[in-house]
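Contents: one structure, followed by commentary.
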Amino acid sequence: MKQVVIVGGGGMAREVIALMSPMIQSGDVRIRGVIDDTLPLGADFFPGYSYQVLSSIEKFIPEEDDLLLLAIGDPAARLKLGRELSARGCKFFTFIHPTSIIAPDAKLGSGVVIYPYSLISANTRLGDFVLINVHSGAGHDVVIGDGSVVCAHVDLTGFVRIGEAVLIGSHASVLPKVRVGDYAKIGAGSIVVRSVRAHATVFAQPARTLRQAEE
């Protein structure tokens with residue numbers, strides 16, 4: 001049995017608990033509780049859920065068997081917390097929903113979360129703390145950097161390179177060999193036909209830059 005602590009007490013926490021429900025019922029996973037900086041200590045983290053808030057994230061001290069699951073949807077926060085907790089000696093749970101298809105030669109980093117009906121294709125590389133939402137696909141030879149979040153119904157085609165802490169909105173498509181820089185944002189429904197600079201936000205079909213954020 002794996003002992004899991006959920007990091008974050010918002011909507012994504014409820015989602016991943018629901019998705020893990022068969023594993024919890026079968027006894028393969030036990031959720032020890034939730035850590036969050038905004039919820040009261042010791043309270044049930046959400047009405048109807050029996051899991052309690054164990055600690056703030058900042059003050060959390062893991063037990064020997066704890067595996068952390070990052071239930072954080074913002075890529076920058078996801079990457080920052082993942083790295084901070086790793087530096088404090090925390091270990092992470094990689095959750096892959098059984099309906100997903102993972103190529104035998106794909107490589108997944110620590111703390112990856114893959115929602116139902118997703119495809120990780122041949123020779124694809126996912127960094128630490130990557131999140132792939134429902135019905136999304138990473139084609140052959142795709143690389144996704146640490147902490148990046150791929151929302152629902154996204155198509156990343158062959159040889160795409162995604163940087164760290166990138167957000168790719170629902171129903172977006174990134175065409176073959178396109179590179180997306182660190183901390184960039186791709187709006188929902190965008191079709192990305194050319195490379196995207198670090199920290200840029202793009203939107204539309206074909207995608208155009210909305211703004212260049214300061215680092």
Discussion item. Counting only heavy atoms from other residues, nucleotides and ligands, does the tally under 6.0 Å from CZ of R161 exceed 12?
Written reply: yes
Practice prompt. Fit a plane to each ring of H171 and H153, take the angle between them on a 0 to 90° scale, and name the class: parallel (under 30°), tilted (30 to 60°) or perpendicular (over 60°).
Written response: parallel
Practice prompt. Any chance you could lay out the side chain to side chain contact (heavy atoms under 4.5 Å, CB included) test for I31 and Y51, step after step, and finish with the verdict?
Written response: CA-CA 7 Å; I31 296 180; Y51 306 113; 3.7 Å; yes
Item to complete: Begin with the C-alpha distance, continue with both residues' side-chain angles, and end with the deciding distance and a verdict on side chain to side chain contact (heavy atoms under 4.5 Å, CB included) for L81 and I57.
Response: CA-CA 9 Å; L81 281 175; I57 297 172; 3.7 Å; yes
Discussion item. Just so I know, are the side chains of F93 and V113 near enough to count as touching, which here means a heavy-atom distance under 4.5 Å?
Written reply: no
Worksheet entry | CA sep, side-chain torsions, deciding dist, call: E84, R88, salt bridge (Lys or Arg N to Asp or Glu O under 4.0 Å) | CA-CA 7 Å; E84 286 177 355; R88 284 155 50 187; 5.3 Å; no
Worksheet item: Does R78 use its side chain to pair, donor to acceptor, with the backbone of L70 at less than 3.5 Å?
Response: yes
Worksheet item: Given side chains that start at C-beta, do those of V193 and V178 come closer than 4.5 Å, heavy atoms only?
Response: no
Fill in: Least distance between heavy atoms, G8 atom then A13 atom
O-CB, 3.2 Å
Worksheet item: Any side-chain heavy-atom pair from L126 and I132 closer than 4.5 angstrom?
Response: yes
Worksheet item: Around atom OH of Y117, are there more than 12 heavy atoms of other residues, nucleotides or ligands at under 6.0 Å?
Response: no
Worksheet entry | P206 side chain reached by I191 side chain, heavy atoms, under 4.5 Å | no
Discussion item. A side-chain contact here means heavy atoms from C-beta on lying under 4.5 Å apart; do R194 and V202 qualify?
Written reply: no
Worksheet item: Of K2, R32, R30, which meets salt bridge (charged side-chain N to carboxylate O under 4.0 Å, His left out) against D66?
Response: R32
Item to complete: Check for a donor-acceptor pair, side chain of S118 on one end and backbone N or O of I114 on the other, with a separation under 3.5 Å.
Response: no
Worksheet item: Are V143 and I102 linked, directly or through other ILVMFWY residues, by side chains that come within less than 4.5 angstrom of each other?
Response: no
Fill in: Test side-chain contact (heavy atoms from CB on, under 4.5 Å) applied to V150 and I186, N133, I168, the passing residue
I168
Fill in: Approximate separation, where rounding is to 0.5 Å, of K177 NZ and S195 OG
12.0 Å
Practice prompt. Output the distance between atom CG (D28) and atom CE (M20), rounded to the nearest 0.5 Å.
Written response: 11.5 Å
Practice prompt. Search all heavy atoms of V196 against all heavy atoms of A184 and return the closest pair with its distance.
Written response: CG1-CB, 3.9 Å
Practice prompt. Rounded to the nearest 0.5 Å, what's the gap from CZ on R14 to CD1 on I6? Could you check?
Written response: 13.0 Å
Discussion item. Would you say that M12 contacts L131 through its side chain, given a criterion of any heavy-atom pair below 4.5 Å between the two side chains?
Written reply: yes
Worksheet entry | Any donor-acceptor pair under 3.5 Å from S170 side chain to C151 backbone | no
Worksheet entry | NZ/NE/NH1/NH2 to OD/OE distance under 4.0 Å, R83 and D128 | no
Worksheet item: Distance-only, no hydrogens or angles: does the Q52 side chain make a donor-acceptor pair with backbone N or O of G42 under 3.5 Å?
Response: yes
Item to complete: Check the hydrophobic clustering (I, L, V, M, F, W, Y; side-chain heavy atoms under 4.5 Å; chains of links allowed) and say if L69 and F46 are grouped together.
Response: yes
Worksheet item: For V166, does its backbone N or O pair with a side-chain atom of S148 as donor and acceptor, under 3.5 Å?
Response: yes
Practice prompt. Is it possible for you to say whether V112 and L167 belong to one hydrophobic cluster, with membership spreading through side-chain heavy-atom contacts below 4.5 Å?
Written response: no
Worksheet item: Can any side-chain N or O of D36 pair as donor or acceptor with the backbone N or O of G9 at less than 3.5 Å?
Response: yes
Discussion item. Just so I know, are the side chains of Y183 and L79 near enough to count as touching, which here means a heavy-atom distance under 4.5 Å?
Written reply: yes
Worksheet item: Does V130 share a hydrophobic cluster with L68, counting links as ILVMFWY side-chain heavy atoms below 4.5 Å and allowing steps through other members?
Response: no
Item to complete: Compare all side-chain heavy atoms of Y115 with those of I96 and state whether any distance is below 4.5 angstrom.
Response: no
Discussion item. Working to the nearest 0.5 angstrom, can you tell me the gap between L85 CG and E58 CD?
Written reply: 11.0 Å
Worksheet entry | Short side-chain to backbone donor-acceptor contact, S55 and F60, under 3.5 Å | yes
Worksheet item: Looking at the rings of F159 and H140, which for Trp means the six-membered one, are their centres under 6.0 Å apart?
Response: yes
Worksheet item: Taking all non-hydrogen atoms of both residues, which atom of S136 and which atom of A152 are closest, and how far apart?
Response: OG-C, 3.5 Å
Worksheet item: Between H97 and F95, what is the ring plane arrangement, given parallel below 30°, perpendicular above 60°, and tilted in between?
Response: perpendicular
Practice prompt. Measure from the side-chain N and O atoms of D182 to the backbone N and O of E164, and report whether any donor-acceptor pair falls under 3.5 Å.
Written response: yes
Fill in: Polar side-chain atom of Q3 near backbone of L67 as donor-acceptor pair, under 3.5 Å
no
Worksheet item: Between I144 and I120, is there a shared hydrophobic cluster once you connect ILVMFWY residues whose side-chain heavy atoms come closer than 4.5 Å?
Response: yes
Practice prompt. Give a yes or no answer on whether the side chain of T157 reaches the backbone of V174 with a donor-acceptor pair at less than 3.5 Å.
Written response: yes
Worksheet item: What about the rings of F129 and F92, do their centers lie closer together than 6.0 Å?
Response: yes
Discussion item. For L54 and V34: C-alpha separation, side-chain torsions, deciding distance, then whether side chain to side chain contact (heavy atoms under 4.5 Å, CB included) applies.
Written reply: CA-CA 6 Å; L54 304 172; V34 175; over 6 Å; no
Practice prompt. Quick one: closest heavy-atom pair of D37 and S56, and the distance?
Written response: OD1-CB, 3.2 Å
Practice prompt. Could you tell me which non-hydrogen atom of S121 sits nearest to which non-hydrogen atom of G139, and how far apart they are?
Written response: CB-C, 3.5 Å
Discussion item. For the CZ atom on R208, are there more than 12 heavy atoms of other groups (residues, nucleotides or ligands in this structure) within a distance under 6.0 Å?
Written reply: no
Item to complete: Scan side-chain atoms only and decide if D141 and N123 contain a donor-acceptor pair under the 3.5 Å cut-off.
Response: yes
Fill in: Full working for side chain to side chain contact (heavy atoms under 4.5 Å, CB included) between F45 and I17
CA-CA 12 Å; F45 95 97; I17 289 171; 3.8 Å; yes
